[in-house]
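Naming convention: chains lettered A, B, ... in sequence-line order (proteins, then strands); numbering from 1 in each chain. For clarity, every value in this text was computed on a predicted model and none was experimentally measured.
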Amino acid sequence: MLPERVYAALEDVVGKENITASKEDLLCYSYDATNTTFMPDAVLFPATAVEVSRVVEIANTEKFGLIPRGAGTGFTGGSLAVFGGVVLSTERMKSVIEIDEENLTAVVEPGVITWEFQQDVEAVGLFYPPDPTSKKTSTIGGNIAECAGGPRAVKYGVTRDYILGLEVVLPTGEIISTGTSTMKGVVGYDLTRLMAGSEGTLGIITKATLRLIPKPEKVITMLVSFLDVAAAAAAVSDIIAARIMPSTLELIDAFSIKCIEEYDPERLKNVGALLIIEVDGISEAADKAAERVEEVCGSAGATGFETATDKHDVKNLWKARRSISPALFKLKPNKINEDVVVPRSRIMELMTGLERIGTERRLIIACFGHAGDGNIHMNIMYDRNNIDEATNADMAVKEAFELTLSLGGTISGEHGVGTTKAKYLDMELGPVEVALMQRLKSMFDPNNILNPGKIFSGSASDKKVPAPAF
Amino acid sequence: MSELESFRAEIDKCVKCGTCRSICPTTRVLGRESACARGKLTLIKAYLDGEIEMSETFMRHIKECAMCGGCRDVCPAGVKTTDVYLAARAEFVEKKGLPFLASLIFKNLDSSRLMPFALKLGTRFKGLFFKGAETDTGLVSRFSLPLVGGGRLMPEVAGTFFLDRKEVRKLGKRQKKGGDQMGSSSANIAFFAGCGVNYLMPDVGSASLKCIERTGSTVSVPKGQVCCGMPAYYTGDMETARRLAKKNIEVFESYDYDYVATSCATCSHGLKTVFKNLFKDDDEMRERAGAFAEKVRDITELLARDLGPMEAASTGSEETGSSDRPVSVTYHDPCHLNRNQGIKAEPRALLEGTDGIEFKNMKFACSCCGLGGGLSMTNYDLSIAISKRKADGALASGADVVATACPGCIVQLRDAMHRYGVDKKVVHVVELL
Ligand SMILES: Cc1cc2nc3c(=O)[nH]c(=O)nc-3n(C[C@H](O)[C@H](O)[C@H](O)COP(=O)(O)OP(=O)(O)OC[C@H]3O[C@@H](n4cnc5c(N)ncnc54)[C@H](O)[C@@H]3O)c2cc1C
């Protein structure tokens with residue numbers, strides 16, 4: 001419970017309408033897409049950086065945790081109040097401040113919904129590529145804080161690659177600007193990149209200057225089927241090796257297909273594995289690339305190849321693709337969802353390795369994802385109430401991470417560490433790196449008020465600054 | 001076990017991915033998690049678990065909803081969100097009762113004299129209630145009345161109700177079972193008016209009848225038909241909804257018809273699906289409701305699919321006939337037609353196939369107008385704020401006229417155009433054909 005004095009001080013900053021501590025409202029901010037629950041003590045809806053900064057000052061004086069929150073679609077618990085504290089929602093900070101058509105930049109507030117922003121820029125012939133599959137819900141602020149990727153990352157890169165500059169409220173209350181609004185800039189350390197992927201632990205993003213590019217003239221969407229996931233994975237590596245640059249290269253295995261069959265039974269029934277491939281660019285170039293994709297897939301043993309001609313078909317296909325993650329619960333009531341990445345030449349080894357782990361542990365491991373950049377969403381399906389399955393699932397995660405790292409990969413490509421991966425941090429990072437990151441965190445946030453309990457909580461070396469609580 | 005309790009498993013299907021946020025019109029306006037399905041389901045579950053009471057805040061959050069069904073349609077886990085909300089609303093009514101005025105109205109919806117009388121009285125003394133001059137939109141400005149918010153445009157109550165029109169009353173007698181239409185090859189259509197058409201937009205009713213007749217079919221307008229009961233249903237008053245459904249089924253059963261047609265999206269949804277569901281525990285009535293439902297068609301569906309082409313209109317319609325320049329028309333999808341019945345192409349096909357109409361799609365045509373689920377009565381500010389997107393969409397479409405297929409949507413869209421300063425007529429599709 002928030003002491004009355006603190007509540008009054010916060011209310012004074014944001015106004016009566018924009019603070020709540022009613023149980024009903026707290027419940028609605030107690031979860032995110034990890035489907036776990038932690039009750040915050042209050043929720044605030046600030047409108048400006050100045051308000052945020054004043055709230056941060058109060059948090060430092062009164063020593064309570066602040067948890068930034070966008071749309072709550074995070075997969076690693078980043079927006080959860082694991083130690084209670086006050087959720088700072090960006091839901092009121094949702095304006096697109098400027099789209100500069102001469103310089104191909106835009107300035108937005110953090111609560112802007114990614115897809116809606118994309119609609120705005122595409123209306124003037126521009127393009128903002130980062131497209132997490134949650135784009136219709138997730139916010140730019142959340143995307144930056146997690147450094148979100150998406151299907152297009154294979155050609156266009158991730159959120160980090162489109163941030164020119166940020167306005168950030170530091171955990172000590174100062175409002176700073178990072179980066180530039182120019183295409184280049186090397187003055188001082190790159191604080192912008194430090195913020196990207198910092199999971200709301202180093203600062204609260206209150207404004208972002210984003211880089212735009214011209215909208216590709218043509219996009220061709222192809223649907224390619226294979227006998228099994230190994231064949232599809234091999235085709236992914238072949239496409240990359242053939243120096244084709246698809247703008248999307250998504251892989252879907254048979255378990256996942258099963259869960260979305262209903263979206264397009266005609267195309268999806270009884271398929272062993274699928275690739276959704278897109279090529280884009282100047283019209284002729286896109287046509288040419290599509291031809292080459294067809295060739296390579298043919299020699300890689302594709303059993304079906306189709307070019308989507310109808311806009312409605314394409315939309316439907318993507319709708320189905322976006323639904324996989326939540327729809328997987330049709331298989332089992334619980335899942336552990338990890339987004340490992342390996343070098344692209346080794347995807348087949350990853351897929352067959354995961355298949356082996358699944359068989360050995362008697363678990364379904366459903367895989368899909370942005371295979372074109374080596375990023376696979378592996379979903380270990382299990383029933384929490386079945387102790388045997390739950391233990392096996394836990395072991396399977398560890399084994400899958402070991403496999404990933406042995407292939408030269410990383411344990412998270414885009415979802416971040418948050419709370420769910422914190423205990424595996426040491427598997428990938430050395431003690432010196434972890435210690436350096438923690439020093440950085442305490443330099444930014446000496447009182448550990450900003451998003452406590454994230455990233456480092458579970459690692460052995462973290463016990464220095466206890467998380468504040470009432 | 002309460003009805004709501006039986007939805008626990010449905011609620012547990014929600015995995016909190018947040019996809020519902022992307023489509024929810026109330027979330028868009030309120031910018032609060034409690035508005036979207038993920039939040040509402042969390043609250044209902046907390047209530048079932050005894051974590052929260054049936055508090056004002058809880059009930060307000062559940063009712064911040066136009067029941068458009070968008071969340072249900074996009075939910076990757078397939079949660080039947082609207083069914084859960086309805087069960088919650090029913091629980092509110094069961095535990096807290098209905099607001100006084102709502103209960104007064106719902107009690108009298110099937111009285112063939114009292115409702116019309118009350119409304120007539122309202123019309124007679126409208127100088128007392130209605131303020132300001134009639135505007136071009138066919139709506140008049142109104143003082144705040146208890147049931148509705150203040151400062152809004154309300155449609156004028158018709159001088160003569162549709163069901164009281166002379167030519168309509170005549171149609172009440174025809175085609176009794178075994179009547180004079182036996183052996184004729186043309187289809188028999190029984191027309192269901194609904195309150196919107198009957199009390200507020202009788203011309204929409206007459207235009208519908210004319211369109212049906214132009215296909216060579218014959219129409220009857222069964223006598224004794226009452227409100228479809230959907231307003232009560234969406235408020236959670238299942239008792240009233242059941243009573244009205246039964247009455248309507250009985251009335252129509254004494255007529256002979258191939259199809260039942262209505263020009264209200266909410267009515268057609270109600271007649272087709274809700275009636276059946278209301279009689280879950282009554283096998284006989286459920287069967288009768290099922291047989292009735294099979295014949296029900298929305299007017300746009302009936303004209304575009306089931307009946308033959310219409311003869312050319314003898315005189316052009318008011319909107320399209322008067323000039324050489326084609327009138328550009330855009331279309332708003334009523335949620336109860338598009339989402340609940342999958343009727344999307346039919347009204348567009350009708351418009352596109354009409355001489356003198358240039359059809360223009362509007363962006364977000366299928367986003368909710370904000371009227372439904374009782375929202376315009378319980379939370380007018382929210383309801384009209386939702387409709388802004390429609391006014392913006394209509395303006396951007398560049399069309400002269402906005403067509404739709406639901407009197408409720410028409411009322412709301414006219415209010416929205418007025419409120420947001422968009423100078424466009426809003427009409428029913430049948431008025432343009
Ligand atoms: C169905 C589904 C599909 C997904 N697909 C993808 C995908 O393809 N690629 C991908 O990368 N991710 C994906 N995700 C994960 C998630 O959508 C992303 O991590 C997204 O960036 C989170 O955005 P959000 O607005 O929901 O942030 P939240 O979940 O609210 O927050 C995420 C983190 O960002 C922090 N944060 C939020 N706003 C700010 C701010 N203004 N300043 C500082 N910190 C802030 C929070 O504290 C938290 O740590 C998916 C999720 C779902 C449910």
| remark: Among B/Ala77, B/Ala46, B/Ser55, the residue with the most heavy-atom pairs under 4.5 Å to chain A is B/Ser55
| task | Sort A/Glu116 into side chain, backbone, both or neither according to what part of it lies under 4.5 angstrom from a heavy atom of chain B. | result | side chain
| query | Checking heavy atoms, do the side chain of A/Lys135, its backbone, both or neither come under 4.5 Å from chain B? | reply | neither
| query | For the atom pair CG (B/Asp73) and NZ (A/Lys319), what is the distance rounded to the nearest 0.5 Å? | reply | 7.0 Å
| Spatial distance of atom CD (B/Glu53) from atom CD (A/Glu24) [nearest 0.5 Å] | 9.5 Å
| note | Assert top hit (heavy-atom pairs under 4.5 Å, partner chain B, pool A/Trp115, A/Phe329, A/Phe45) equals A/Phe45
| remark: Across all chains, not counting sequence neighbours, the ring pair (Phe, Tyr, Trp, His ring centres under 6.0 Å) partners of A/Phe75 are A/His415
| said: With heavy-atom distances below 4.5 Å as the criterion, would you say the side chains of A/Asp25 and B/His61 are in contact? | reply: yes
| task | Could you tell me which portion of A/Asn18 (side chain, backbone, both or neither) has an atom closer than 4.5 angstrom to a non-hydrogen atom of chain B? | result | both
| What's the verdict on side-chain contact (heavy atoms from CB on, under 4.5 Å) for A/Val43 and B/Glu33, showing C-alpha distance, side-chain angles and the deciding distance? | CA-CA 11 Å; A/Val43 187; B/Glu33 183 72 24; over 6 Å; no
| Sequence neighbours excluded, which residues qualify as ring pair (Phe, Tyr, Trp, His ring centres under 6.0 Å) partners of A/Tyr31? | none
| request: Starting at NZ of A/Lys94, measure out to CZ of B/Arg28 and round the result to the nearest 0.5 Å. | output: 8.0 Å
| request: Would you check if B/Phe58 and A/Lys23 make a side-chain contact, meaning some heavy-atom pair closer than 4.5 Å? | output: no
